[in-house]
Amino acid sequence: MPTIMITGAAGFIGGHVAREAERRGGLSLRLMSHRRPPAGAAAAGPATAGPGSGSGFGHGHGPGAVVPGHGTVRADLSDPGSLRGVCEGVDVLLHCASQIGGTPEANEAVNARGTAALMAEARRAGVSRVVYLSTASVYGRGAFRAARPEDLVRNPGSPTSGSRARAEDAVLAAGGVVLRPHLVLGDGDRWVVPSLARILRALPGTVEGWAARTSVITAQDLARLLLGAGLAPAGDLTASVYHAAHPVPVTVRTLLGAVAAVAGPAADPAAEDLTAVRARELLAARGIAAQGLDMLTSDHWFDSDPVWRDLRCTPGPDFEAAFKELAEGYRHALLDI
């Protein structure tokens, strides 16, 4: 029975990964969180470390992980001393913890230096496989069409994405695997759909037709890929960096139409077709950052066929079918947006 440690296990994606691992069965789980134990986890587990004091990862924003009987490791990526011994006896490390937003110093402490310290512990303990949940944001701005990792150059445009790029470097130097999703949807999402809802409510129509295409993935599918990458035979992996998305991109018009249906009253999207410049002006007047608009007005479509092929996984339902299953949860979550 392999032992898998999941960092950020009380967070959005980490919680889904833990639940997916529990569904599979036959795995010993060690759940790492620095603020509170994931729901249902044992109060203490092997190699329990001190709680640390820095802000960091997990955030407590996710659905939590219903994994009774599995151990919890209390440690803080921003406190390297708290990581001592956390990887002892671990076969596979799924590193899903990240600092998103906050100060540049916090991002550097958690994502860059914290990941480097965790990789040192993983090497010392003889962990056989490390998989890091990164982000396509490491590429920065641009138009991406069926883009492959080997054809792209990272150009992060924020402290968060810059520090996550440096986290990637630490993982790759340790012989690990990196997964880069773009937009992730599902129970516990506090970023993607709420941000899109705010943009929709601030604009009196579409922006240049919302014709761009974008890559999305559900948190459940992403959890399957992360766990699959951790357990796959080494000979099955043909790359060290993969894009993680549903193979079929979604038009922004379709994506925003689905969000509008659950976000409550909004302007009639047929009222006006705005230029991107005018849309930015309107968002600025409402105090809404316009960075997200770039992802909605240019293609952000990443080739993810290799990860599904190498892991012998079948993608879940397409966007429209998947979002129908998530709609009621989002409708409730957006009441306060």
Side-chain angles (χ1 to χ4, degrees), residues 4-14 17 31-35 49 52 54-59 61-62 73 75-84 86-87 90 92-125 127-140 149-150 152-182 184 191 222-223 225-227 229-230 237 239-244 302 307:
I4 297 179
M5 186 167 81
I6 304 167
T7 71
F12 174 31
I13 305 304
V17 174
L31 310 178
M32 179 172 159
S33 177
H34 87 296
R35 290 191 176 179
S55 65
F57 57 99
H59 300 294
H61 287 172
V73 172
D76 190 337
L77 284 172
S78 68
D79 177 9
S82 76
L83 300 174
R84 185 69 178 174
V86 297
C87 293
V90 169
V92 176
L93 170 58
L94 304 181
H95 184 20
C96 303
S98 291
Q99 171 80 27
I100 301 175
T103 66
E105 293 77 13
N107 280 272
E108 192 68 18
V110 173
N111 297 338
R113 294 196 300 273
T115 296
L118 184 62
M119 291 306 99
E121 283 297 311
R123 285 193 297 268
R124 191 182 64 78
V127 174
S128 61
R129 176 74 53 78
V130 176
V131 181
Y132 175 53
L133 172 62
S134 186
T135 170
S137 295
V138 296
Y139 298 125
E150 59 267 32
L152 298 176
V153 176
R154 297 179 310 177
N155 185 30
S158 72
T160 294
S161 55
S163 63
R164 294 181 80 177
R166 287 184 284 280
E168 287 187 356
D169 293 339
V171 171
L172 294 172
V177 177
V178 170
L179 266 58
R180 294 174 182 157
H182 181 43
V184 184
W191 299 95
L222 181 54
L225 291 179
L226 285 160
L227 193 58
L237 300 178
S240 55
V241 178
Y242 291 97
H243 289 146
F302 301 93
V307 72

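The structure presented is a predicted model; accordingly, all values stated were derived computationally and were not measured. Positions are given from 1, in the same order as the sequence printed here.
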Inset, instruction - Verify, without hydrogens or angle tests, whether Asn107 (side chain) and Gly101 (backbone) share a donor-acceptor contact under 3.5 angstrom. - result: yes
Legend entry - Close side-chain approach of Pro149 to Tyr139, heavy-atom, < 4.5 Å: yes
Legend entry - Distance in Å, His95 NE2 paired with Met119 CE, rounded so as to fall on 0.5 Å steps: 5.5 Å
Inset, instruction - With the side chain counted from C-beta on, respond yes when Leu83 and Met32 share a heavy-atom pair under 4.5 Å apart, and no when they do not. - result: yes
Inset, instruction - Of all the heavy-atom pairs spanning Ala125 and Cys87, show the shortest one and how long it is. - result: CB-O, 3.3 Å
Legend entry - Option passing side-chain contact (heavy atoms from CB on, under 4.5 Å) with Gln99 (candidates Val110, Thr160, Leu77): Val110
Inset, instruction - Using side-chain contact (heavy atoms from CB on, under 4.5 Å) as the criterion, point out the one residue from Leu225, Val178, Leu237 that pairs with Tyr242. - result: Leu237
Inset, instruction - Calculate, to the nearest 0.5 Å, the distance between atoms OG and CD belonging to Ser78 and Glu108 respectively. - result: 12.5 Å
Inset, instruction - Enter the distance from Ile100:CD1 to Ser163:OG here, rounded to the nearest 0.5 Å. - result: 9.5 Å
Inset, instruction - Find out whether Leu133 and Pro181 are in side-chain contact, i.e. whether some heavy atom of one side chain is under 4.5 Å from a heavy atom of the other. - result: yes
Legend entry - Spatial distance of atom CG (Leu179) from atom CG (Leu222) [nearest 0.5 Å]: 7.0 Å
Inset, instruction - Take Glu121 and Val90 through the test side chain to side chain contact (heavy atoms under 4.5 Å, CB included) and record every step on the way to the result. - result: CA-CA 11 Å; Glu121 283 297 311; Val90 169; over 6 Å; no
Legend entry - For Arg180 against Ala136, the heavy-atom pair lying closest together: CB-N, 4.0 Å
Legend entry - Residue pair Cys96 / Thr7: nearest heavy atoms and the distance that separates them: N-OG1, 2.9 Å
Inset, instruction - Grab the two heavy atoms, one from Tyr132 and one from Ala167, that are nearest each other, plus how far apart they are. - result: OH-CB, 3.4 Å
Inset, instruction - Of all the heavy-atom pairs spanning Val130 and Val127, show the shortest one and how long it is. - result: CG2-CG1, 4.2 Å
Legend entry - Approximate separation, where rounding is to 0.5 Å, of Asp169 CG and Arg154 CZ: 4.0 Å
Legend entry - Shortest non-hydrogen separation from Ala117 to Pro80 and the atoms involved: CB-CB, 4.0 Å
Legend entry - Check: Ile6 and Ile4 side chains under 4.5 Å, non-hydrogen atoms: yes
Legend entry - Spatial distance of atom CG (Leu94) from atom CZ (Arg129) [nearest 0.5 Å]: 10.0 Å
